[in-house]
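Each remark here refers to the structure printed beneath this line.
Every chain is numbered from 1 and lettered A, B, ... according to where its sequence line falls, protein lines coming before strand lines. Here the structure is a predicted model, which is why all the values come from computation and not from measurement.
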There are 2 protein chains.
Amino acid sequence: MSDEFSKRFFDYVDERKNLYIDRLAEAVAIPSVSSDLENHLVDINTMIAWTKGHIERLGGLTELVTNPAGTENRPLPPILCGSFVSNPHKKTVCVYGHLDVQPAAKDDGWDSNPFILTERDGKLYGRGSTDDKGPALSWLWVVEAHRELGVELPVNIKILYEGMEESGSEGIFEIIQRESAPGKFLNDVDFFCISDNYWLGKNKPCLTYGLRGIAYFQLSVRCCEQDLHSGVLGGTVYEAMTDLIQLMATLVDSSGRILVDGIMDDVKPVTSKEEALYNSIEFDVEEYKEENKIKSVSDKLLHNDKKSLLMARWRYPTLSLHGIEGAFSGSGAKTVIPSRVIGKFSLRLVPDQDPEKIARLVKTHVEQEFAKLGSPNRMELEYFHGAKAWLSSPNHPNYQAAAAAIKTVYGMEPDYTREGGSIPITSTMEDSTGMNVLLLPIGACDDMAHSQNEKYNVKNLMNGIKVLGLYLHELGKIKG
Amino acid sequence: MSDEFSKRFFDYVDERKNLYIDRLAEAVAIPSVSSDLENHLVDINTMIAWTKGHIERLGGLTELVTNPAGTENRPLPPILCGSFVSNPHKKTVCVYGHLDVQPAAKDDGWDSNPFILTERDGKLYGRGSTDDKGPALSWLWVVEAHRELGVELPVNIKILYEGMEESGSEGIFEIIQRESAPGKFLNDVDFFCISDNYWLGKNKPCLTYGLRGIAYFQLSVRCCEQDLHSGVLGGTVYEAMTDLIQLMATLVDSSGRILVDGIMDDVKPVTSKEEALYNSIEFDVEEYKEENKIKSVSDKLLHNDKKSLLMARWRYPTLSLHGIEGAFSGSGAKTVIPSRVIGKFSLRLVPDQDPEKIARLVKTHVEQEFAKLGSPNRMELEYFHGAKAWLSSPNHPNYQAAAAAIKTVYGMEPDYTREGGSIPITSTMEDSTGMNVLLLPIGACDDMAHSQNEKYNVKNLMNGIKVLGLYLHELGKIKG
Ligand SMILES: [Zn+2]
Ligand SMILES: [Zn+2]
Ligand SMILES: [Zn+2]
Ligand SMILES: [Zn+2]
């Protein structure tokens with residue numbers, strides 16, 4: 001990349017602001033809600049066709065890959081594969097995005113129709129504006145800019161867009177594994193880039209190099225085969241609910257400490273190099289309390305300084321009790337002795353923690369604790385699902401390329417962040433191909449993905465296109 | 001009562017078996033389901049009118065009392081008051097019953113249409129057959145027998161029938177209080193008799209002299225104002241669910257022991273006289289496990305001998321954890337940190353325990369335990385509703401009259417039982433009028449009230465009418 005290119009590119013992008021907004025409005029107007037396939041499968045397919053049309057218009061090849069998780073009775077949208085491959089000697093980046101959205105209705109508390117992109121104060125309100133139509137489509141506008149500026153693409157680009165991300169990404173894991181085989185679509189990919197998460201704050205860009213894993217459990221206790229009446233039977237029965245509550249109480253204490261023996265064994269100590277990454281991070285603890293509506297209730301967090309708080313979110317395991325199935329959960333009073341109750345809890349895992357090993361530790365723990373209760377009831381622990389944590393490195397060339405692009409666009413180094421949740425596709429890509437995955441967020445922390453009044457700042461839209469464009473040029477410089 | 005009367009009466013009743021069955025079939029055919037007023041208010045009113053017609057045919061006076069809990073938008077069925085009052089010098093008994101029923105549908109697992117009374121093996125299957133149309137209407141057939149046999153009623157009879165019992169008896173508590181005032185309908189009542197519970201077993205009649213009370217609590221903990229995502233926020237928030245589970249775990253242990261300080265202070269020790277009542281009781285612990293579907297799961301109860309088991313159900317307090325509102329309660333996995341969770345639990349109370357005092361003890365307990373947690377969250381205990389236990393005496397003339405009637409009909413002394421649940425109208429009658437209330441069950445323990453295949457044994461129908469008739473004669477002998 002020459003300074004000359006970036007100046008021409010930035011000017012080109014700046015001139016097309018209204019065009020980009022109009023196109024995003026077109027995309028947002030297609031209600032591609034994947035949680036409601038009965039009503040919206042046709043819209044997801046329309047959204048995929050719309051995108052496919054743009055790729056083809058820009059000279060790319062496309063293929064609609066049948067979703068392997070679909071059936072005749074429950075068809076699923078295809079996966080859209082596109083490629084702009086000009087030169088086998090260039091590096092190849094695969095960019096992932098999703099074209100489906102969360103459900104939304106004006107009545108949910110939106111200030112404007114969620115499917116009519118509406119600009120207010122430099123913000124573009126609309127469902128999918130930031131998650132993920134805005135960022136995903138930006139790759140296409142980068143390709144378009146190169147065509148119209150007469151500049152060759154510095155890398156080959158492979159596009160992988162799905163339409164089921166908001167509903168568990170059904171089918172794509174299988175596709176990624178299959179297409180990673182020799183000779184297949186993903187086999188020659190050198191780098192992956194996913195733009196589907198968010199900045200830690202509102203103003204400073206970041207790159208995300210870690211995600212926690214998860215181990216989800218269902219702990220059931222049964223005392224009989226039918227619900228009983230506490231008036232009639234109370235005092236005579238070993239109640240399942242009493243046992244379950246006793247067991248759940250042994251898992252974690254009020255200060256968040258996990259009480260399962262051995263759970264911290266594989267958690268690496270913090271190195272000084274790792275710790276240093278936290279120093280410069282822009283993050284405001286008070287704002288965090290405010291945004292998550294904690295301030296008005298307790299105004300207290302488990303950790304009060306930035307560094308401990310972020311580490312607790314990103315690099316230490318946690319255990320949350322989510323609820324109980326089978327017990328009374330309505331409003332009002334019901335005097336039931338539930339026959340079978342299922343406690344739901346999960347641990348967020350960090351690198352080096354093996355979900356299978358964690359499941360064994362949890363099993364040993366609940367069995368020991370249940371034995372202490374001396375109850376004749378039937379207890380069962382089910383390891384429901386799990387995923388390993390994912391950890392990349394800020395020093396990888398893929399990350400350094402994005403960092404350089406950000407520095408040019410924003411005039412500042414990005415923060416290096418991790419996230420507490422999991423994005424399962426990340427590990428699937430890495431494990432299937434052995435190549436590095438970069439999480440390159442474009443939207444801001446207050447974009448309200450999944451919530452009412454989801455928005456995408458005009459500034460992020462514009463700077464996002466610039467960052468993605470320069471990132472390709474930085475990738476193009478990587479040797480070896 | 002002379003032996004001569006009882007013989008004529010028994011013969012008369014025996015000859016009319018088919019008539020009684022036909023009439024019960026007529027009543028069962030009216031689907032007077034009070035939980036579905038939208039569809040069935042008209043049926044409840046029909047059922048009340050049908051009954052009113054019989055009272056009038058038999059020479060009684062009737063009045064439909066407007067339900068004070070009804071409104072223009074939500075009208076409720078009236079309360080049916082009837083009287084057969086011949087002589088102000090005679091004793092007056094007020095008999096209570098209800099003409100509404102639980103919902104029922106063939107599809108729920110009935111072997112025959114629940115609203116077509118169907119005889120199989122000496123059992124009359126149908127919704128309301130035992131709860132409470134069979135027993136309630138029997139009082140009318142007793143009056144009819146006296147008319148047709150030319151025998152004067154030995155006592156005045158006041159009839160109090162409602163149509164909302166299966167839905168919380170709305171309105172009738174107010175009516176009872178109002179009608180207990182000087183000069184009003186219930187003011188001259190000497191005895192109450194309710195036939196709306198069941199024998200302890202299948203073969204031996206019983207009289208019920210005690211019911212437990214209740215104190216129902218809602219314990220809420222709030223950590224923020226919106227549900228959070230455990231991936232994103234887990235490890236940073238004092239989670240409401242963790243606190244609630246810790247608190248609930250301090251209330252009761254797996255062996256059913258209530259862990260609230262002072263809770264047993266007002267529980268009277270068992271006297272030898274009281275204990276003696278338990279000796280003769282016909283009750284099979286193995287059958288109890290079988291019927292309540294405990295046998296196939298743990299096959300273990302908190303108490304294994306008849307006496308301790310019945311005492312645990314009837315004369316000792318218990319605490320049951322019913323469930324949690326606001327937490328995840330569905331099937332599958334959801335990784336939520338609920339913002340506010342409400343634990344539901346209740347204590348069954350015994351005589352001398354004051355619900356208000358119990359509520360204070362529970363409040364002190366949870367406040368102390370919550371303080372130990374050191375959590376900044378907002379905890380609140382709500383005493384949702386309560387009712388005192390009710391205890392009568394097997395030695396009261398009202399009970400002795402019924403016992404004598406049973407002895408004549410069945411040739412055996414009844415068991416004296418208590419029940420673990422509450423029947424709030426019992427205390428209301430006693431407290432409003434100061435008069436004794438007798439619970440005189442007619443149906444057997446396996447009649448399946450509220451369940452599929454509710455039935456009423458032909459034998460119980462016939463013997464029930466005989467017992468109720470002789471009971472009136474025994475009451476008539478009471479002096480003073
Ligand atoms: Zn997304
Ligand atoms: Zn999303
Ligand atoms: Zn009843
Ligand atoms: Zn009932």
Got more than 12 heavy atoms from elsewhere within 6.0 Å of NZ, A/K307?
yes
If you draw a 6.0 Å radius around CD in B/E380, do more than 12 non-hydrogen atoms from other residues or ligands fall strictly inside?
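At most 12 heavy atoms, drawn from other residues, nucleotides or ligands, come within 6.0 Å of this atom.
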Contact part of [X] toward chain B, heavy-atom cut-off under 4.5 Å: side chain, backbone, both or neither?
X: A/E382; answer: neither
X: A/R348; answer: side chain
X: A/H322; answer: both
X: A/S329; answer: both
X: A/I214; answer: side chain
X: A/S346; answer: side chain

Whether the side chain of [X] engages the backbone of [Y] through a donor-acceptor N/O pair (distance < 3.5 Å, no angle test) should be reported.
X: A/W390; Y: A/S422; value: no
X: A/D253; Y: A/S255; value: yes
X: A/K388; Y: A/L349; value: no
X: B/R212; Y: B/G420; value: yes

Pick from [options]: which one has the most heavy-atom pairs with chain A under 4.5 Å?
options: B/K289, B/M311, B/K295, B/M248; answer: B/M248
options: B/G374, B/C223, B/S375; answer: B/C223
options: B/Y288, B/F384, B/F328, B/Y316; answer: B/F328
options: B/A327, B/G421, B/S331; answer: B/S331
options: B/K300, B/H385, B/H303, B/R378; answer: B/R378
options: B/L211, B/L228, B/L233, B/V252; answer: B/L233

Under a 3.5 Å cutoff, is there a donor and acceptor pairing between the side chains of A/S254 and B/T242?
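Judged by distance alone, the side chains do not pair up.
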Just checking, any donor-acceptor pair under 3.5 angstrom between side chains of A/S320 and B/E239?
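Yes - a donor-acceptor pair under 3.5 Å links their side chains.
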Hey, can you tell me if B/F217 and B/Y383 have their rings parallel, tilted or perpendicular (30° and 60° cut-offs)?
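Taking B/Y383 first and then B/F217, their aromatic rings sit tilted (interplane angle of 30° to 60°).
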For chain B, which candidate among A/P317, A/G326, A/G231 shows the most heavy-atom pairs at distances under 4.5 Å?
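Looking at each of A/P317, A/G326, A/G231 in turn, A/G231 comes out on top.
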Most heavy-atom pairs under 4.5 Å with chain B, out of A/N292, A/L247, A/D243, A/T318, belong to A/N292
